[in-house]
Every structure is written in C-alpha cells, then in structure tokens.
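Side chains included, hydrogens not; waters and symmetry mates left out as well; all remaining heavy atoms used. Just so you know, these numbers come straight off a predicted model, no measurement behind them. When a ligand or atom number is given, it counts from 1 through the structure's own listing order.
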Amino acid sequence: MSKKPIIIDTDPGIDDAAALAIALFSEELDVRLITTVNGNVSLEKVTYNTLRLLKLFEKNISVAKGAERPLIEDPIDASNVHGETGMDGYEFEEPDNSLLLEEHAVTAMYKEIINSDKKITLLPIGPLTNIALLFRLYPEVKENIEEIVLMGGSSGRGNSSVMAEFNIHADPEAAKIVFSSGLPIVMAGLDVGLKALIYPEDSEQLKDMNKTGHMIYHLFKKYRGGSFNTGLKMYDSCAVAYLLKPELFETIDTYVDVELNGAMTKGATIVDFKGYLNKESNVRVCVDINAEEFKKWFIDSIQKCN
Ligand code: RIB
Ligand code: CA
C-alpha cells in the first residue's frame with residue numbers, strides 16, 4: 001500500500017519527540033516536511049530541538065520555521081513541563097542545520113501541498129498558528145488536503161487553564177480559523193491524551209531498546225506532563241496513533257467551536273455532543289482510547305526506530 005503523505009507541525013516538546021520518532025520510522029507515513037511553531041518553548045528552541053531530533057534519528061527531512069508568536073494572544077509556554085530547553089534530560093549532538101529551509105513554514109507548506117500529486121494530511125501537534133496562517137494566505141491549498149489530524153482540545157476540562165487545553169489555549173484565534181476551515185478534522189484531545197499513559201515499567205523497556213528509546217527514556221525522566229511514576233501523558237502520540245491505528249479510538253462526529261470571549265474560558269473547545277447549537281458536525285472527536293493496546297503500540301513503534 002502506498003505511504004500516506006503528511007506534514008507535521010510541531011513544538012518539541014518531550015511528547016512531540018516521541019510522536020516524531022514514531023511517525024518518521026513508520027512504514028506507512030511519508031513525512032514530506034516538518035514545520036515548527038512557538039509553543040512549549042520559543043520558536044528558536046523548538047526548531048533547534050526538531051533539528052537535533054532529526055540528527056539523532058538520522059532522517060533528512062526538510063524543516064521550516066513558522067510563527068514565533070500567536071496571532072493575537074501573548075505567548076505562553078510549557079517550560080515548566082518540558083524544561084527550559086523544551087527537551088531537558090538528554091545530551092543531543094549538534095544538529096545538521098542544512099535541513100532548515102530559508103522560507104517560512106507557511107510558504108513551505110503551501111509549496112509542498114500545492115505541488116503534491118497526492119492529497120496531504122496535516123498533523124499539527126502544537127498550537128495552530130501556522131495552519132491558520134496557511135489557510136488565510138493560501139486558501140486554495142484546501143483542495144489538496146486530505147484531512148487534519150490534530151492533538152488539541154478537550155470535551156471537558158483543560159490542562160493549561162480551567163477549561164482550555166494547551167495547544168488551543170496558546171492560540172485560540174488560530175484554532176477558531178482551523179476548526180471553521182471546512183476540512184475534515186480529527187481531534188485527539190485530552191479525552192484520550194490523559195489516558196494514553198506510559199508507566200515506569202513501560203519506560204524501562206525503552207531504556208536499552210535502541211538509540212531512540214534510550215533518548216526518550218531520559219527525556220521521560222525529566223518530563224513533568226504527569227510524573228514518571230504515576231504515568232506520562234503521550235498527548236502527541238495519540239494523533240499519530242489515530243493515523244496508524246484508528247481502531248484504538250472511539251470517536252463521535254459532532255460540532256466543535258472555540259471560545260474566544262469568555263473571561264475565564266478563552267481557548268476552551270466547545271464540543272456540542274447534544275446539538276444545542278444546531279450546527280453541522282465539523283470534527284471527529286476522539287472520546288476514548290484502548291489504553292492497554294495504546295501502550296503496546298507505543299512500545300512496538302519505538303522498537304522500529306533506530
Ligand atoms: O496539551 C498537550 C499539548 O501541549 C501537547 O502537544 C504538548 O506537546 C503541548 O504542546
Ligand atoms: Ca506538542
């Protein structure tokens with residue numbers, strides 16, 4: 001079967017690192033481009049982290065730097081979770097900067113999509129600033145996009161504010177543009193991310209598995225997305241898992257919008273399961289995950305890395 005062409009938009013980020021590894025070593029995905037966005041830590045740091053990961057993975061994938069700040073809101077970050085570098089815990093080699101394109105991520109995405117002989121799937125696993133800018137600058141690309149499978153949002157409470165998940169909270173206006181794009185969207189949010197846990201006994205299997213597993217193990221020792229002992233949340237790997245093993249998930253197609261005006265709820269994803277808003281479904285929401293099978297898939301996927 002031919003590989004599915006994808007573009008990954010990311011803000012590494014310890015859980016991004018695991019998701020990137022799984023996507024890049026998958027036999028089923030053709031990663032055409034990786035774009036970076038201000039999110040967990042600054043644009044400079046997430047771009048540096050992306051290049052350092054590609055060096056470790058020995059993968060020559062083009063990288064393009066994107067938005068250094070959200071559309072409207074002031075930047076927030078998650079260095080309290082991922083560390084000051086965004087990937088604390090492992091000593092990476094210096095990257096191969098020749099992979100870094102001169103052009104902006106939005107231009108690079110436009111060119112890759114518009115010139116592709118197959119429809120491209122977008123895999124955003126950070127704030128949606130670049131994707132929103134892409135749709136505003138080059139709306140014609142929508143014709144050659146298969147779907148958007150994103151990590152973000154929540155049908156319930158948040159992890160960045162009372163009601164907002166980090167990727168949406170970081171750039172709510174961008175999220176609103178993406179969710180109203182008219183494209184098929186799959187939302188892998190906190191409903192599944194909070195259940196996609198890797199426990200110490202699972203991480204120990206990674207430690208001496210291979211170079212990638214060893215790196216991920218040491219990042220996990222620093223990751224404060226849960227805690228090493230109570231289970232680390234593999235938020236971003238859920239979006240990759242949906243692409244590679246959708247049967248892990250229970251989904252509901254419904255209407256989702258983004259709150260922009262609530263003084264205390266800005267960035268909340270409004271998931272209208274009961275149809276109060278009388279709007280057509282625009283999102284396939286992942287509402288549950290087979291956590292045991294996810295763990296097995298995660299470990300097996302890292303086994304395929306270098
Ligand atoms: O809420 C989790 C999301 O925020 C993940 O993408 C994580 O990397 C952070 O960006
Ligand atoms: Ca991320």
For K111, does the NZ atom sit with more than 12 other heavy atoms under 6.0 Å from it, leaving out its own atoms?
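Counting other residues, nucleotides and ligands, NZ of K111 stays at 12 neighbours or fewer.
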
Atom CD of residue position E247 - does it have more than 12 heavy atoms of other residues, nucleotides or ligands inside 6.0 Å?
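Atom CD in E247 is packed in, count exceeds 12.
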
State whether F25 and K59 meet the cation-pi test: NZ (Lys) or CZ (Arg) under 6.0 Å from the six-membered ring centroid, and within 45° of the perpendicular axis.
yes

Looking only at protein heavy atoms, which one is nearest to atom 9 (C) of ligand 1, and how far off is it?
N40 OD1, 3.1 Å

Closest protein heavy atom to atom 6 (O) of ligand 1, given as residue, atom name and distance to 0.1 Å:
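Looking only at protein heavy atoms, the one closest to atom 6 (O) of ligand 1 is D236 OD1, 2.6 Å.
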
Which atom, counting only N, O or S, brings D236 closest to the Ca ion (ligand 2)?
OD2

Restricting to N, O or S, what is the name of the atom of D11 that lies nearest the Ca ion (ligand 2)?
OD1

Could you list the residues that satisfy salt bridge (charged side-chain N to carboxylate O under 4.0 Å, His left out) with K279, not counting sequence neighbours?
none

Does a donor on one side chain and an acceptor on the other come within less than 3.5 Å for Y48 and E94?
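A pair is found: one side chain offers a donor N or O, the other an acceptor, under 3.5 Å apart.
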
Would you check if there is a donor-acceptor pair between the side chains of E204 and Y217 at a distance under 3.5 Å?
yes

With heavy atoms of [X] as the reference, note each atom of ligand 1 found under 4.0 Å away.
X    : result
E165 : 1 (O), 2 (C), 3 (C), 4 (O)
D16  : 8 (O)
N159 : 1 (O), 2 (C)
F166 : 1 (O), 4 (O), 9 (C), 10 (O)

Sequence neighbours left out, what passes ring-ring contact (aromatic ring centres under 6.0 Å, His included) with F273? Give chain and number order.
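By the ring-ring contact (aromatic ring centres under 6.0 Å, His included) rule, F273 matches no residue at all.
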
Short question: side chain of E259, backbone of N261 - any donor-acceptor pair under 3.5 Å?
yes

Answer side chain, backbone, both or neither: which part of D15 comes under 4.0 Å from ligand 1, heavy atoms only.
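Looking at D15 and ligand 1, just side chain atoms fall under 4.0 Å.
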
Would you kindly specify which portion of D11 sits under 4.0 Å from ligand 1, judged on non-hydrogen atoms: side chain, backbone, both or neither?
side chain

Quick check: M151 and ligand 1, any N/O pair under 3.5 Å apart?
no

Calculate the angle formed at the Ca ion (ligand 2) by OD2 in D16 and O in I125; 10° precision is enough.
90°

